[in-house]
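Data block below; observations after.
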Number of protein chains: 2
Amino acid sequence: MQMKTEELTINCGKPYAEESSHTDCHKVIMPVRDALDVISGKWKLPIIIAVSRGHKRFRDIERSIPKITSKVLSKELKDLETHKLVKRTVYDSQPVSVEYTLTPYAATLDSVIGALQKWGIQHRKKILGK
Amino acid sequence: MQMKTEELTINCGKPYAEESSHTDCHKVIMPVRDALDVISGKWKLPIIIAVSRGHKRFRDIERSIPKITSKVLSKELKDLETHKLVKRTVYDSQPVSVEYTLTPYAATLDSVIGALQKWGIQHRKKILGK
DNA sequence: CCGCATCCTGTAGGATACTG
DNA sequence: CAGTATCCTACAGGATGCGG
């Protein structure tokens with residue numbers, strides 16, 4: 001995310017003329033959008049999974065994800081790094097090599113991904129008819 | 001989602017030469033992308049929340065969500081309807097009125113939204129520094 | 001009131017080529 | 001090997017106006 005300050009809210013007035021603050025809508029929408037910004041997009045999950053499975057080198061990750069381009073991989077890895085999900089380590093060997101690994105913090109995503117996965121599985125059944 | 005059949009996988013070979021199937025990557029990525037397709041996008045959550053709070057009529061929903069346009073609202077409501085999250089009821093009054101309500105099924109999203117919200121809250125603290 | 005038809009823009013992501 | 005630099009396309013979403 002770029003920590004958007006953009007206005008995006010709804011008028012939360014309940015139909016029964018109860019007073020209810022605008023802010024509790026934000027309290028749902030804003031964090032959810034923050035989270036979605038981090039993990040949505042075409043390549044975030046594939047990259048996270050690839051790295052979690054032990055692909056550390058740039059070329060290694062690139063080859064393990066069909067059809068990704070180096071430009072996109074580069075950009076996404078930077079994004080994941082700024083969100084502290086991926087750690088980039090440069091080794092001063094000849095030639096210089098770089099390793100990407102998941103941070104321990106990345107594990108906190110497990111429950112989120114798990115929830116999405118679980119819902120996605122049952123939803124596909126629901127929509128396509130079981 | 002449009003139940004994409006598009007190929008998007010990764011080479012799941014582990015670094016230790018263990019045999020591991022391609023398919024278990026799909027088993028994570030595909031459902032997660034299905035779920036994300038349903039709830040991501042700029043307006044899905046605001047609409048779901050607006051409807052859940054009792055805004056039933058088209059104009060009512062539209063007015064409750066600042067800056068949304070009728071075209072976008074119309075399209076998003078259709079999407080939510082095809083995913084069985086929203087029910088559209090037409091009343092043969094004069095003039096014809098239409099009501100949108102959440103389906104009971106929509107409640108199954110609560111755990112997903114809850115997980116995203118929870119993670120989003122702590123992540124914002126983590127990134128911006130608490 | 002409840003939308004749809006047009007037209008337009010901004011941005012994620014793709015193709016291709018090139019550097020240290 | 002580990003990326004950048006350009007250029008380009010596709011599609012989500014916005015602006016405006018009209019129709020039943």
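Just so we're on the same page: letters track the sequence lines, and every chain starts at 1.
Rounded to an integer number of Å, the gap from CD1 of A:I47 to C1' of C:dA12 is 13 Å. The interatomic distance linking A:Q94 (CD) with C:dG20 (P) rounds to 18 Å, in whole Å. For A:D79 and C:dG13, the CG to C1' distance is 12 Å, given to the nearest whole Å. If you measure from atom CZ of A:F58 to atom C1' of C:dG20, you get 15 Å, rounded to the nearest angstrom. Look at NZ on A:K78: it is 15 Å from P on D:dA2, rounded to the nearest Å. Distance A:D37 CG to C:dA12 P: 10 Å, rounded to the nearest Å. Atom CG of B:D60 and atom P of C:dC1 are 10 Å apart (whole Å). Rounded to whole Å, the distance from CZ on B:R33 to C1' on C:dA12 is 12 Å.
Contact between the side-chain N/O atoms of B:R63 and the OP1/OP2 oxygens of C:dC2 is not found at any separation under 4.0 Å. Note on B:Y91: every side-chain N or O is 4.0 Å or more away from OP1 and OP2 of C:dC2. OP1 or OP2 of D:dA2 has at least one side-chain nitrogen or oxygen of A:R57 nearer than 4.0 Å. Contact annotation: A:T69 side-chain N/O to C:dG13 OP1/OP2 distance is not under 4.0 Å. The side chain of A:K42 places an N or O atom within less than 4.0 Å of a non-bridging phosphate oxygen (OP1 or OP2) of C:dG14. Within the structure, a side-chain polar atom (N or O) of B:Y100 is placed less than 4.0 Å from OP1 or OP2 of C:dG3. Within the structure, every side-chain polar atom (N or O) of B:K56 is placed at least 4.0 Å from both OP1 and OP2 of C:dC1. Contact annotation: B:R59 reaches the phosphate of C:dC1 (side-chain N/O to OP1 or OP2, under 4.0 Å).
Side chain B:K71 to base D:dG14: a donor-acceptor pair is found below 3.5 Å.
Between B:S70 and A:G41, the residue anchored nearer the 5' end of DNA chain C, judged by the nucleotide with its closest heavy atom, is B:S70. Both B:E76 and A:V96 sit near DNA chain D, but only A:V96 has its closest nucleotide nearer the 5' end.
Note: A:Y105 and B:W119 have parallel aromatic rings, judged against thresholds of 30 and 60 degrees for the angle between ring planes.
Looking at heavy atoms from C-beta onward, B:V112 lies in side-chain contact with A:L116 at the 4.5 angstrom threshold. Looking at B:I68 and B:I47, their side chains come closer than 4.5 Å, going by heavy atoms from C-beta outward. Between B:V38 and A:H123 the shortest side-chain heavy-atom distance falls below 4.5 Å.
You'll find that the side chain of A:W43 is closest to C:dG13, out of C:dG3, D:dG13, C:dG13.
Contact check on A:K75 versus A:D79 returns a salt bridge, with a Lys/Arg side-chain nitrogen under 4.0 Å from an Asp/Glu carboxylate oxygen.
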